[in-house]
**Student:** 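Encoded as structure tokens, here's the structure I'll be asking about.
Sequence lines set the chain letters: A, B, ... in the order given, protein chains first and strands last, and positions in each chain run from 1.
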Amino acid sequence: MEDRDSVTWNSMVAGYVANGLDMESFKVFHHMGLDGAKLTQSTYASVIKLCANTKELGFAKQIHCQVLKNGIGFDHNISTGLMGTYSKCNEMDNASKIFSMMHDKNVVPCTAMIAGYLQNGKMDQAVNLFTQMNKEGVRPNNFTYSIILTANSIVSPFQVHAQIIKTNYDRYSSVGTALLDAFVKLGNVNEAAKVFELIDEKDIVAWSAMLAGYAHVGDTEGAVRIFRWLAAEGVKPNEFTFSSVINASAASAAAVEQGKQFHAFSIKSRLNNALCVSSALVTMYARKGNIESANEVFKRQGERDLVSWNSMISGYAQHGHGKKAHEVFREMQRNNMEMDGITFIGVITACTHTGLVDEGQQYFDIMVKDHHINPTMEHYSCLIDLYSRAGMLEKAMDIINMMPFAASATMWRTILAACRVHRNLDLGKQAGEKLISLQPQDSAAYVLLSNMYAAAGHWQERAEVRKLMDERNVKKEAGYSWIEVKNKTYSFLAGDRSHPLSVRIYSKLEDLSTRLRDAGYQPDTNHVLQDVDDEHKEAILSQHSERLAIAFGLLATPAGVPLQIFKNLRVCGDCHTVIKLISTIEKRDIVVRDTNRFHHFKEGSCSCGDYW
DNA sequence: TTAGGGTTAG
């Protein structure tokens, strides 16, 4: 094609832009200049859109000048395109200048401007413009609604919903998706599901958003139901669909097998290497107790971002692999990766779970001094945890007194728990009172305080705490443990006799108990809350839910197969001792996930180094 | 000419 006219050139540029071929479009545009082709309004509009896509601010400014210099009129396309580019590059002043000079501010530039404000965190201005356009009779369209609904900190989805229903825009996939997501962010999945069902033609974004909604509230079954439904409708999942369903498979209620199956499915769909999928896999495997698989996925990641690195560090931290978390951190440094506050929460937590007090403090210092990251409440919480677990309660209190925040309930809970372990009754009392005043309905505060009194043999004070609990009608969460055998989950309460194999389970416990004593085990009855005699205390200990789950696991699986137990509360000190011994006498690796971390029991010792 | 979904901590 020799004599190319401007229309041909323009359609080339526009075509490439529409197909996301940014570099090709730039090349063509460059050729146009060399060829001396006439640049029209639509050429400029295309190339400005290109700048918005690629955030080429400098180039956009040049184009802006050329348009002014060559006397090309600012039509809607050029103006809106420039606004978009400036918005994306955090130059809101320039964007609003162009907007204010536009004569006919119809719905499109208004919407683009609202989007710009929201991208730059200017919530108030976005909402003001939305209100103003309504007042001036400019009717919002589906784009406007889908954008304004993302301003969930200011705009109530309930209010906008009413307005949207009148216009029927809720049947549009884009609007319905934004609306359902706004409900999810309020924690209202039921409302989100209602919105989802009303969407006429659900596209993959809508399906993925609904799936993410169930994942968000930890409803694994809901997420799997959506996944099956979309598959049955012949919809092809994309990387976001997989990352959400894998994330839902990381919930504690999900079976270990479930995550593996979605992993396999993502491989079949050739989406397992997408960054968001592989990072979700790292987290899922780590949370489900399989730190080796988490690391396998991590090692194979072709590209990594901050989230990938953070996921691996946090995974190691939860499993008490302090050294490995440290190694990943070093590797991050060698790769000149940028780090954020979450990276440091990961490494400090790893130090906490390994008892590396000095190192934990050093990470905190490096974070502030070298990385200029402002410590948040969470970082101070980590430090307090670091010192408390090591028994350095004075140091922990120093931090509470010097930090620029008021101490949170979480912090007092940490102090209180440490006071129980390290027998510091005075401070424990103080922390317990603070905690109860901050969260009068939280059973943990009362339970910890009464545990502490029980451990110190102060039965009178313990009774008072219990009385207060009754008066305020605060219920203690029941402790239970569960184990998966052949894809079925079996859960046990303490002293539970509801399982069909109950008789065999209890006789297995008896058998273990004899062999434990032969191995030199002495029950530590400090972990029993009830005010009863020692013999009775031992009986209570021996029926803790984790032991029932382990006894069942030993009966229900062949010799040598590792067991994995989950518990909704922290493992008690006596059970911890017992499980270490069981791992030797039964020659089994046992992994226990409690609310805090993973314990890997092997040949008589635990990965936490008796420190948790 | 304007748009909606995901992954990391505690």
**Student:** With a cut-off of 3.5 Å and sequence neighbours excluded, list every side-chain donor-acceptor pair involving residues 260-276 of chain A.
**Tutor:**
{"unit_1": "A:His263", "atom_1": "ND1", "unit_2": "A:Tyr285", "atom_2": "OH", "d": "2.8"}
{"unit_1": "A:Ser266", "atom_1": "OG", "unit_2": "A:His263", "atom_2": "O", "d": "2.7"}
{"unit_1": "A:Ser269", "atom_1": "OG", "unit_2": "A:Phe265", "atom_2": "O", "d": "2.9"}

**Student:** Select one nucleotide: of B:dG5, B:dA3, B:dG4, the one nearest the side-chain heavy atoms of A:Lys185.
**Tutor:**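 Nearest to the side-chain atoms of A:Lys185, counting from C-beta on, is B:dG5.
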**Student:** Could you tell me which residues satisfy side chain to side chain donor-acceptor pair (under 3.5 Å) with A:Lys288, sequence neighbours excluded, listed by chain and number?
**Tutor:**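 Checked A:Lys288 against side chain to side chain donor-acceptor pair (under 3.5 Å); zero matches.
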**Student:** I need the full list of side-chain hydrogen bond (donor to acceptor under 3.5 Å, both in side chains) pairs touching residues 149-162 of chain A, with sequence neighbours left out, sorted by first then second residue.
**Tutor:**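 Checked against side-chain hydrogen bond (donor to acceptor under 3.5 Å, both in side chains) - neighbours excluded - no pair reaches residues 149-162 of chain A.
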**Student:** Using a heavy-atom cut-off of 4.0 Å across all strands, would you classify A:Gln318 as base, sugar-phosphate, or nothing?
**Tutor:**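 Since only primed, P, OP1 and OP2 atoms lie under 4.0 Å of A:Gln318, the category is sugar-phosphate.
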**Student:** Return the set of residues passing side chain to side chain donor-acceptor pair (under 3.5 Å) with A:Thr595 (not counting sequence neighbours), or none when no residue passes.
**Tutor:**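 Not a single residue meets the side chain to side chain donor-acceptor pair (under 3.5 Å) criterion with A:Thr595.
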**Student:** Give, ordered by number, those residues of residues 213-223 of chain A having at least one heavy-atom distance below 4.0 Å to an atom of DNA chain B; if nothing qualifies, reply none.
**Tutor:**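 Heavy-atom contacts with DNA chain B come from no residue of residues 213-223 of chain A; none.
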**Student:** Give every residue pair that meets the side-chain hydrogen bond (donor to acceptor under 3.5 Å, both in side chains) criterion with at least one member in residues 242-254 of chain A, sequence neighbours excluded.
**Tutor:**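 Every pair satisfying side-chain hydrogen bond (donor to acceptor under 3.5 Å, both in side chains) with a residue in residues 242-254 of chain A: A:Ser249-A:Gln258.
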**Student:** For residues 315-322 of chain A, dump all side-chain donor-acceptor pairs below 3.5 Å to protein atoms at least two apart in sequence or in another chain.
**Tutor:**
{"unit_1": "A:Tyr316", "atom_1": "OH", "unit_2": "A:Asn295", "atom_2": "ND2", "d": "3.2"}
{"unit_1": "A:His319", "atom_1": "ND1", "unit_2": "A:His600", "atom_2": "NE2", "d": "2.8"}
{"unit_1": "A:His319", "atom_1": "NE2", "unit_2": "A:Ala286", "atom_2": "O", "d": "2.9"}

**Student:** Counting only non-hydrogen atoms, which of residues 198-212 of chain A are less than 4.0 Å from DNA chain B?
**Tutor:**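 Going residue by residue through residues 198-212 of chain A, the ones with a heavy atom under 4.0 Å of DNA chain B turn out to be A:Asp203, A:Ile204, A:Val205, A:Ser208, A:Ala209, A:Ala212.
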**Student:** Among residues at least two apart in sequence or on other chains, which ones pass ring-ring contact (aromatic ring centres under 6.0 Å, His included) with A:Phe298?
**Tutor:**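 Listed in chain order: A:Trp309.
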**Student:** So what does A:Ile147 hit on the nucleic acid, given a heavy-atom distance under 4.0 Å: a base, only sugar-phosphate, or nothing?
**Tutor:**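 It contacts sugar-phosphate atoms only.
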**Student:** Using a 6.0 Å distance limit plus a 45 degree cone around the ring axis, check whether A:Arg593 lies over the aromatic ring of A:Phe598.
**Tutor:**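 Output yes; distance and angle both within limits.
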**Student:** What nucleotide, of B:dA9, B:dG4, B:dT7, holds the atom closest to the side chain of A:Arg287?
**Tutor:**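 Within the option list, the nearest is B:dA9.
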**Student:** Whole-Å distance between B:dT2 P and A:Met113 CE?
**Tutor:**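 That distance rounds to 15 Å.
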**Student:** B:dG4 base to A:Ser174 side chain: any donor-acceptor pair below 3.5 Å?
**Tutor:**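 No such pair is found, so the answer is no.
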**Student:** Check every strand shown and say whether A:Thr349 touches a base, only sugar-phosphate, or nothing at a heavy-atom separation below 4.0 Å.
**Tutor:**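 Since only primed, P, OP1 and OP2 atoms lie under 4.0 Å of A:Thr349, the category is sugar-phosphate.
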**Student:** Show every salt bridge (Lys or Arg N to Asp or Glu O under 4.0 Å) that has at least one partner inside residues 196-225 of chain A, sequence neighbours left out.
**Tutor:**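 Sorted result for residues 196-225 of chain A: A:Arg171-A:Asp200.
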**Student:** Using a 3.5 Å cut-off and no angle test, enumerate the donor-acceptor pairs between side-chain atoms of residues 76-86 of chain A and protein atoms at least two apart in sequence or in another chain.
**Tutor:**
{"unit_1": "A:His76", "atom_1": "NE2", "unit_2": "A:Asp104", "atom_2": "O", "d": "2.8"}
{"unit_1": "A:Ser79", "atom_1": "OG", "unit_2": "A:Asp75", "atom_2": "O", "d": "3.1"}
{"unit_1": "A:Thr80", "atom_1": "OG1", "unit_2": "A:His76", "atom_2": "O", "d": "2.5"}
{"unit_1": "A:Thr85", "atom_1": "OG1", "unit_2": "A:Gly81", "atom_2": "O", "d": "2.9"}
{"unit_1": "A:Tyr86", "atom_1": "OH", "unit_2": "A:His64", "atom_2": "ND1", "d": "2.8"}

**Student:** Students often get this wrong, so: under 4.0 angstrom with heavy atoms, is A:Asn141 touching a base, only sugar-phosphate, or nothing?
**Tutor:**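 Base contact.
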**Student:** By a strict heavy-atom criterion of less than 4.0 Å, which residues belonging to residues 237-252 of chain A are in contact with DNA chain B?
**Tutor:**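 When residues 237-252 of chain A is checked for heavy atoms under 4.0 Å from DNA chain B, the hits, listed by number, are A:Asn238, A:Phe240, A:Ser243, A:Ser244, A:Asn247.
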